[in-house]
Every structure is written in C-alpha cells, then in structure tokens.
Protein chains: 2
Amino acid sequence: MHNKNCIMRLSRYRSALTNLKLLNFNRVFSDNLADAAGATSAQVRKDFSIFGLAGNRRGGYLVDELIAQLDKILGKDKVQKFILVGAGNMGKALMNYPGFEKNSIRIIAAFDIDQTKLAPNAGTPVLPLEQVKDFIAKNSVQFAIICVPVLAAPQVSEILLSAGIRGILNFAPIRLKDREGCVIENINLVTELENIIYFVKALDSTNA
Amino acid sequence: MHNKNCIMRLSRYRSALTNLKLLNFNRVFSDNLADAAGATSAQVRKDFSIFGLAGNRRGGYLVDELIAQLDKILGKDKVQKFILVGAGNMGKALMNYPGFEKNSIRIIAAFDIDQTKLAPNAGTPVLPLEQVKDFIAKNSVQFAIICVPVLAAPQVSEILLSAGIRGILNFAPIRLKDREGCVIENINLVTELENIIYFVKALDSTNA
DNA sequence: AAATGCTTGTGAATATTTTCACAATAATTA
DNA sequence: TAATTATTGTGAAAATATTCACAAGCATTT
C-alpha cells in the first residue's frame, strides 16, 4: 500500500493532465506536468515508476494514455456512488458541484433529519436520515460525505460505518476515527485558513 | 519557518482542544490530545517543544492556557479579514459557514462577475468583481477565498495577488501558483474523493 | 548512418519526519 | 518525608520522502 501524499499527487497529475488536454497537449514531459501539478520533475518520474507508468525516453508521456492509466489506478474507470449526509448550505453546494459528475463521482442521494430540507423527488433526492441504512444496503453504496454540524458528526459517522460505508469525507470540524477496513478523510475549513494566516505572518516576520 | 504539516497539526490541536473544553476538560495529557487530533503523543509533545509550549511533568497541559498560546501562534488573537470571489453555490455556502465567525475569521465581502449574483446590501455584500482591487486597498485585506470555475481561476488569482492579497484558499480544480511573499492553498474536492476511493480499494485488494 | 541533444528511469545520497526511549520531575501515596 | 507513579521534554534512532545525478535510450540533425 502506498502513501497518502503519493496518491494525492497521482490524483493531482490526473487533474493537471485533463487541464493540459483542454489546451491540446498530446504529450507531456515530466517537467511540464510537475509545473502544472506543483511538484518536481524527479518526483513525477519517481511516482510514475512506482506505479509502472512508463513514458518514452526523449518523447515524454502520451496524455491520453497516462490519463487512462491513472483512471485505472484511481478507480475512475467506473462511476463511484456517494451519499451525502447534511443538506445544509455546504451539503447543497456539494450536491450541485459540477466537478463530480465530470469525474465519475455521483452523489446519488442526500439525507437530513430536518423535515424542511427533505426533497424526495429532486434530481438528487433528499431523504430522511432514518432511511439511510436501508438505502446504503439496497444501493450498495461504499462512500459518503458528511456535512452535518460538529455535534452530530460522530453519531452520523457511526451510523454510516455500521451500515457498511467504507470511505467518508468529513467536513465537520471534528476528527472522526475510522475503523478497520474503512477510510475517513477530514477537511477542516478553519484549519486550512489558519494555515494560510500562519504562513503569511511567518513570511512577514522572516523579512522584517 | 516550520513545516506545513506541523502547523496543520497545531491547528488541529487547537480545534480538538476547543472540543475538549466543551466537554469540561481543564487539563489534557499528550495522549488525550493525540487521540482527539489524530496524532501520536510523542508527536504532540515534539510539536509543542518546537513552539515552546510547556506542560507540567505529570500534570499535563492546561486547556485554556494552551488554546491561548496556540491562538497567538496561529494569528487568532485578532479577527482576520477575508474576501471571497465567486458567489456560486460553494461561495455562498462558505459565506454562511458558521465555523468562521466563531474562529475569528470574517468574510467581509464577496465578488462576482455575474450581475444576477450581486447583493450589495446583504449582510456579507456581494459586489461586482471590478471593485475588488479598490476594496482590497481600502480595507487592507490580506486574505481571499477563490470559488470560481476552473477557467476563471488563474485570472482571478492574478487580480487578487496584484491587488495585494497575500494568502489564498483556492477551491477551483487547478493548482494556482503563488509568487514571492504569498501563500496559496489549493483544495481539490475531486482529488480528496479520489484518495478515499483509492484507499478503500487498496484495503480490499490487500485482504483479498 | 553516425553524432548530437533531450528526456526518462532509477539507484544512491540527502533531507525530513516520526518514533523511540529514557532522564527529569511533578503529583500522589504511604 | 520518602517512595512510588505518571507524564513531560528531548536527544538519538529509525523510517520515510525527496532530490540528485547519470546511464540508458529515443528522436532529430548532420
């Protein structure tokens, strides 16, 4: 099993490649790609060699072929079904995020405890949370996104994991713990902004 | 200057501490905190020693004191002003995200090119993008969040940086490059989900 | 067809990060 | 007050990750 940063980079390479493809690139060199993906050329080549992605010496890499190979590695050769819990502002924004559909990621339903948020007939239906367990089983869903308030997040996570969800992206500002055979990724927006604030201030005090 | 992961962890410790404080903890030990923040106790102590955060041997750390010290390090002792560009679904969700105000992060205005999205008199005003440069200067804004479509993102970034913005959180799925003295953090939602998909599948094939 | 130039692929070297392990020491108990 | 116990703080060791540097090899030029 390979490390998280490495897989993140593969995914960034893929994203950069799709952008380069729109600019009519047929081939890329490791340094083009490094530049577009925020890495170094040696890193790109090393990552590729780990996964057996080969180019041509002097000829670089074929964009289409590389995207296809990365798709395979990243499980993008077929559509991946997600559910979402918490149809608040953030939840709704994610339900409508155009990047997902384009990238074989489909949010097939959302769930909420708030009656006023329900919309069982919408394009992406919003259903009562008590139906989530059945829904997961019936539709063989493996992946979920949590967008509920911090206090509800641990319970929701527990429900999802016990219903068979294997991978969770959590936006609630509390670190959810995974269990054997499951993966939880936590995005804490405040933390991300604090990081930026810190480094801007650090730059100031270095130059002062 | 310290490394990104380390600062991220400090920020997570802070987040975990505020959660622990709600549970009436006065003191924490490095292993409590590690557990809550997803780290190891040795890591917590090492990080703290780098920043001169001291506890009591056998007595652990005082929660309030630690939060105050972390606030200082992370620039949370005063409100940090942000602007946001791109008042679409995601942009609006972030404008209403309750975690920011609680954490001394204030989005003071949003900007868009789409006339129909403007709302100059809203709580957080949504203004025409052409006003952004003046606004940044007049209000001494250092930080921005980009929530525009991928094709617009590089231009918007250029405008913001040349207007004096020093730190950007970018949600557009393209890696924006910083310039001297600036910090750009990129969050690519597709990449995050791909990571989860990969590791769930990796677990399956390991156990198969 | 040989020479040249450019880019890959990768082992070795370097750098960074994390973990270990234990002396120092504060709280608690006897 | 002395003994015991629990936890910090931190060098040293181990593990990981990144970069270097260059032989191998393809494309282009001469």
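Proteins come first, then strands; the chains are lettered A, B, ... in the order of their sequence lines, and each starts at number 1.
One can place CG of Leu62(B) at 15 Å from P of dT7(D), the figure rounded to the nearest angstrom. dT8(C) atom P lies 12 Å from atom OH of Tyr13(A), rounded to whole Å. Atom CG in Asn56(A) sits about 18 Å away from atom P in dA24(D), given to the nearest Å. The interatomic distance linking Met8(A) (CE) with dT18(D) (P) rounds to 13 Å, in whole Å. dT19(C) atom C1' lies 12 Å from atom CZ of Arg9(B), rounded to whole Å. Straight-line distance from the CZ atom of Phe48(B) to the P atom of dT8(D): 10 Å, rounded to whole Å. Straight-line distance from the CG atom of Asp47(B) to the P atom of dT16(C): 17 Å, rounded to whole Å. Atom-to-atom, NZ of Lys4(A) to C1' of dT17(C) comes out at 16 Å; the value is rounded to the nearest Å.
Salt bridge annotation for Glu158(A)-Arg179(A): present, with a cationic side-chain nitrogen under 4.0 angstrom from a carboxylate oxygen.
Side-chain atoms of Arg57(B) and base atoms of dT7(D) include no donor and acceptor less than 3.5 Å apart. Judged by distance alone, with hydrogens and angles left aside, Arg45(B) brings a side-chain donor or acceptor within reach of the base of dG9(D), the pair sitting under 3.5 Å. A donor-acceptor contact under 3.5 Å is not formed by the side chain of Arg58(B) with the base of dA6(D).
A close approach under 4.0 Å does occur between a side-chain nitrogen or oxygen of Asn3(B) and OP1 or OP2 of dT17(C). Between Gln43(A) and the phosphate of dA17(D), there is no side-chain N or O to OP1/OP2 separation shorter than 4.0 Å. Between Arg27(B) and dA27(C) there is no side-chain N or O to OP1 or OP2 distance below 4.0 Å.
Nearer to the 5' terminus of DNA chain D, by closest-nucleotide assignment, is the contact made by Thr40(A) (compared with the other of Gly59(A) and Thr40(A)). Nucleotides of DNA chain C nearest to Asp31(A) and Asn5(B) differ in position, and the one nearer the 5' end is that of Asp31(A). Remark on DNA chain D: of its neighbouring residues Lys46(B) and Ser30(B), the 5'-side contact belongs to Ser30(B), judged by nearest-heavy-atom nucleotide.
The ring of Phe111(B) has its center closer than 6.0 angstrom to the ring center of Phe135(B). Taking the six-membered ring for Trp, Tyr13(A) and Phe48(A) have ring centres closer than 6.0 Å.
For the salt bridge (charged side-chain N to carboxylate O under 4.0 Å, His left out) with Asp47(B), the qualifying choice from Arg9(B), Arg12(B), Arg14(B) is Arg9(B), the only one to do so.
Residue contacts for Ser41(A): at a heavy-atom cut-off of 4.0 Å it reaches no nucleic acid atom on any strand shown. In this structure, Tyr61(B) reaches the sugar-phosphate backbone alone: every heavy-atom distance under 4.0 Å involves primed, P, OP1 or OP2 atoms, never a base.
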Exercise for the section: Could you give me the CA-CA distance, side-chain angles and deciding distance for Leu10(A) and Tyr198(B), then say whether side-chain contact (heavy atoms from CB on, under 4.5 Å) is met? Expected result: CA-CA 11 Å; Leu10(A) 287 192; Tyr198(B) 176 86; 5.9 Å; no
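When distances run from any side-chain atom of Ser49(B) to the nucleotides dG9(D), dT19(D), dG9(C), the shortest one goes to dG9(D).
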